[in-house]
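Only one structure is covered here, and it is reproduced in the block below.
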Number of protein chains: 2
Amino acid sequence: MFRIGDLAAQAGVSTRALRYYEEKGLLAAVRSTSGQRYYPESATERVRTIQHLYSAGLFSQGVATLLPCVDAQETSPEALAVLRTERERIDQQIRDLTATRNRLDEVIVIATVPGHCAAAPEVAPHATSR
Amino acid sequence: MFRIGDLAAQAGVSTRALRYYEEKGLLAAVRSTSGQRYYPESATERVRTIQHLYSAGLFSQGVATLLPCVDAQETSPEALAVLRTERERIDQQIRDLTATRNRLDEVIVIATVPGHCAAAPEVAPHATSR
DNA sequence: CTAAAACTTGACGCTGACGTCAAGGGCAAG
DNA sequence: CTTGCCCTTGACGTCAGCGTCAAGTTTTAG
């Protein structure tokens, strides 16, 4: 059983974040008689999952809905709808990011390759160096 | 030459956003003697570019640095560093998002396919229905 | 000319995931 | 027992990209 500081160190987040997750119903903790939080080993993994979902653009509400599915394999029909919606959103986001990345790559190539040619891709026919 | 309301409608953003972009040095406007803003046709495209960069996770400062490169093909060495840093960040973000999407897909499959089997992928050998 | 619509600057509000004090309580070591 | 670190709740602060209201000016339509 970890104390909050240990879990924070393990998972690489702040104790404030962990209390915030509890407040949002994302992360439960066993309390000692004096009120101190204790977490099982599995909490580390759960915190990482929470972080992933957050960084995928979900809000606390969405994370709260999807967490039971992701780690307990229990999927309510309501959650399934959220799953599909979020999946689509993430997929779209990936497409947008890929497009933006390609544009940046183009700019980088133009900036680094001296003899650049905007209109013609100028790809080597069938044999590149190495 | 568009007025601010026209440009907002064309680009699908608010007038507030356009003034904000100007404040951040992302979008210049010609001013009439009375102070009203006028934008060239090309502003529509520029606004879309700004939106793309924002949605890729850049802050105003980063957008301001990269904009001259993206639309004028002038890349300072300072900007090139930002380009590469942001490109890496976006690339990492794409990898993270893809991983998260795959996890969601897994949950969706488990939730929708009745006879699910966690350990074995159970892919049909070489002939699926339809 | 006049009224409505669109524009101006200025400034405060909002949202979300925390950061950061503040003021106190708990607990193992010497 | 006391020192010192870790914990508790509570509450206000932050940051970024705008939303929104206010009060006044300008442009456009009839």
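Labels below follow one simple rule: chain letters A, B, ... track the order of the sequence lines, proteins then strands, and each chain is numbered from 1.
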Note to self: Using a 4.0 Å cut-off on heavy atoms, which residues in residues 41-65 of chain B reach DNA chain D? List them by number, or say none.
What the structure shows: B:Y54, B:L58, B:F59, B:S60
Check: What integer distance in Å separates B:L26:CG from D:dA16:P?
Finding: 13 Å
Would you list the atom pairs, donor with acceptor, under 3.5 Å between side chains in residues 1-19 of chain B and any protein atom, with sequence neighbours excluded?
unit_1 : atom_1 : unit_2 : atom_2 : d
B:R3   : NH2    : B:Q36  : OE1    : 3.3
B:D6   : OD2    : B:R3   : N      : 3.3
B:S14  : OG     : B:A17  : N      : 3.0

Item checked: Min side-chain heavy-atom separation A:V63-A:Y21 under 4.5 Å -> no
Next item on the list: Pull out every residue in residues 81-93 of chain A that has a heavy atom closer than 4.0 Å to any atom of DNA chain C, ordered by number, or say none.
Entry: none
Residues 52-62 of chain A, side-chain donor-acceptor partners within the protein, below 3.5 Å, at least two apart:
unit_1 : atom_1 : unit_2 : atom_2 : d
A:H52  : ND1    : A:R48  : O      : 3.3
A:Y54  : OH     : A:S60  : OG     : 2.7
A:S55  : OG     : A:Q51  : O      : 3.3
A:S55  : OG     : A:H52  : O      : 2.9

Next item on the list: Apply side chain to side chain contact (heavy atoms under 4.5 Å, CB included) to A:A64 and list each qualifying residue two or more places apart in sequence or on a separate chain.
Entry: A:L26
Margin query: Test: ring-ring contact (aromatic ring centres under 6.0 Å, His included). Region: residues 68-106 of chain A. Which pairs qualify, not counting sequence neighbours?
Written below: none
Next item on the list: Work out how much the helix from C:dC1-D:dG30 to C:dG30-D:dC1 bends between its end axes, five pairs an end, to the nearest 10 degrees.
Entry: 10°
Check: In chain order, what residues pass the side chain to side chain contact (heavy atoms under 4.5 Å, CB included) check against B:R103, with sequence neighbours excluded?
Finding: A:T49, A:V70
Item checked: Heavy-atom closest contact (A:L80 atom, B:A111 atom, distance) -> CD1-CB, 4.2 Å
Next item on the list: Would you indicate whether the side-chain heavy atoms of B:I110 and B:V107 approach each other to under 4.5 Å?
Entry: no
Notebook entry, point to check: Does any non-hydrogen side-chain atom of B:R87 lie less than 4.5 Å from one of B:D91?
Noted result: yes
Margin query: Assigning hydrophobic clusters by single linkage (Ile, Leu, Val, Met, Phe, Trp, Tyr; side-chain heavy-atom cutoff under 4.5 Å), is B:Y38 placed with B:Y20?
Written below: no
Note to self: Quick test of your reading: applying salt bridge (Lys or Arg N to Asp or Glu O under 4.0 Å), list the pairs with at least one residue in residues 53-73 of chain A, sequence neighbours left out, ordered by first then second residue.
What the structure shows: A:R46-A:D71
Check: Between B:Y20 and D:dG17, is there a side-chain N or O to OP1/OP2 distance below 4.0 Å?
Finding: yes
Notebook entry, point to check: Could you write nucleotides 2-13 of chain D as a row of B, S and -, 5' to 3', where a protein heavy atom under 4.0 Å of any base atom gives B, of only sugar-phosphate atoms gives S, and otherwise -?
Noted result: -----SBB-B--
Checklist line | Which residues share a salt bridge (Lys or Arg N to Asp or Glu O under 4.0 Å) with B:R84, sequence neighbours left out | finding: none
Checklist line | Listed partners of B:Q92 passing side-chain hydrogen bond (donor to acceptor under 3.5 Å, both in side chains), at least two apart | finding: B:R95, B:D96
Notebook entry, point to check: Mapping A:S14 and A:T33 onto DNA chain C by nearest heavy atom, which one lands closer to the 5' end?
Noted result: A:S14
